[in-house]
Colleague: 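First the structure, which I've put down as structure tokens, then a few questions once you've had a look.
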Amino acid sequence: MHTASSTTAALYERVRRVIPPVEWPVFEDDIEAIVALKRERNAVILAHNYQTPEIFHCVADIVGDSLALARKAMTVDADVIVLAGVHFMAETAKLLNPGKTVLIPDLEAGCSLADSITAEDVRLMRSRYPGLPVITYVNTSAAVKAESDICCTSGNALAVVESLDMPRVIMIPDEYLARNIASQTAVEIVAWKGHCEVHERFTPADIRELREAHPGVVVLAHPECPPEVVAEADFAGSTAAMSDYVGRHRPGRVVLMTECSMSDNVAVAHPDVDFVRPCNLCPHMKRITLSNIRSALENNRHVVTIDPEVAAGARLAVERMLAI
Ligand code: SF4
């Protein structure tokens with residue numbers, strides 16, 4: 001049987017490449033408490049790829065992108081889900097797991113994309129472009145999803161657009177994702193002006209400087225980056241696709257044009273790959289800490305609720321996507 005300290009010592013082995021020994025004692029107490037609380041409450045922790053390594057590798061039970069998290073949560077026998085990510089992800093987890101208690105450790109963990117559009121905006125777009133189907137990126141509130149015909153992720157957006165068999169569609173709210181997809185299809189895409197505040201900061205000049213400073217580096221970009229950035233990259237794909245690319249191709253040196261913590265989390269699994277790390281942090285993702293995860297489990301907060309009518313509409317849009 002493991003004592004508490006041997007448990008945390010084993011966990012440290014997972015992250016020693018990305019967390020210096022001097023920082024580890026700061027995390028130990030919360031990790032031990034969280035491990036115990038998960039058992040007591042029959043809880044699981046879902047952590048997005050952009051969470052810091054002490055959360056992602058040491059207390060999470062399920063990791064991945066937002067949709068993968070919600071879907072995998074459907075398969076676990078747990079009473080409580082703690083979503084280590086941002087609010088729209090907690091809502092998506094609740095949509096797909098209506099019978100479970102879903103907690104978000106900080107209610108202020110938002111998203112510039114989700115905050116760029118409201119349900120009313122979607123209704124206005126529909127009246128401006130009558131008859132066009134509305135495809136909504138999962139990075140939106142349940143209320144916006146409920147006004148949509150179908151959802152998409154950055155991984156399946158092209159397939160969703162082409163599945164509708166329409167010459168013109170509305171895709172909200174990420175302008176850059178819409179433009180990146182438009183460059184791969186004959187379908188005309190009407191976009192919204194939402195941007196991810198992390199990915200919009202990358203520029204083609206950043207990539208050129210990285211290539212000069214690190215000859216031979218392979219550049220992977222998230223499709224929430226501006227199209228000019230994607231055009232300069234060697235590969236563009238969702239967080240899951242980027243992680244998969246590193247595993248399959250094992251480049252000697254790689255840079256991920258996405259949120260900072262993603263490189264740390266992928267690096268843990270690939271000690272043979274050299275990660276160059278330009279650092280753009282998502283301030284919303286970073287609101288989640290070990291300490292507020294612990295507090296969420298201790299105090300059962302903050303419980304995510306969705307109006308039943310909104311939930312029914314939003315679930316339908318997500319399920320249509322899952323059926324493709
Ligand atoms: S990284 Fe961008 S899309 Fe993801 S939560 Fe942060 S602001 Fe939203």
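Side chains are part of it too, since the values below use all heavy atoms of this structure and drop only hydrogens, waters and symmetry mates. Keep in mind that this is a model prediction, so the values were computed, not measured. All ligand and atom numbering here is 1-based and tracks the order in the structure.
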Colleague: Within the structure provided, determine whether Asp61 and Val76 are in side-chain contact (heavy-atom separation under 4.5 Å).
Modeller: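 No, side chains not in contact.
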Colleague: Could you find the nearest protein heavy atom to atom 4 (Fe) of ligand 1 and give me its residue, atom name and distance?
Modeller: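 Residue, atom and distance for the closest contact: Tyr50 CE1, 4.0 Å.
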Colleague: Are the side chains of Met125 and Val134 in touch, meaning some heavy atoms are under 4.5 Å apart?
Modeller: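 Not in contact.
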Colleague: Is the closest side-chain heavy-atom distance between Cys58 and Val15 below 4.5 Å?
Modeller: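 They are in side-chain contact.
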Colleague: Mind jotting down which residue pairs meet the side chain to side chain donor-acceptor pair (under 3.5 Å) criterion with at least one end in residues 295-304? Sequence neighbours excluded, please.
Modeller: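 Output for this query lists Arg41-Asn300, Arg294-Glu298, Ser295-Asn299, Ser295-Arg301.
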Colleague: Could you tell me, atom by atom, which parts of ligand 1 come under 4.0 Å of a heavy atom of Glu224?
Modeller: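 Per the distance check, 3 (S).
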Colleague: For His199, run the side chain to side chain contact (heavy atoms under 4.5 Å, CB included) check against Val230, Thr258, Val229 and tell me which one passes.
Modeller: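 With His199 as partner, Val230, Thr258, Val229 yield a single side chain to side chain contact (heavy atoms under 4.5 Å, CB included), made by Thr258.
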Colleague: Give me the protein N, O or S atoms that fall under 2.8 Å of atom 8 (Fe) of ligand 1, sorted by chain and residue number.
Modeller: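 Near atom 8 (Fe) of ligand 1, the protein supplies Cys111 SG.
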Colleague: Sorted by first residue and then second, give each side chain to side chain donor-acceptor pair (under 3.5 Å) pair with at least one member in residues 309-320; sequence neighbours left out.
Modeller: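 The answer is none; no pair qualifies.
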Colleague: Do any pairs count as a side chain to side chain donor-acceptor pair (under 3.5 Å) and have a residue in residues 75-89, sequence neighbours left out, and if so which ones?
Modeller: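 Qualifying pairs, neighbours excluded: Asn42-Asp79.
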Colleague: Would His48 count as a contact residue for ligand 1, given that I'm defining contact as a non-hydrogen atom of the residue lying under 4.0 Å from a ligand atom?
Modeller: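 The answer is no, since His48 has no heavy atom less than 4.0 Å from ligand 1.
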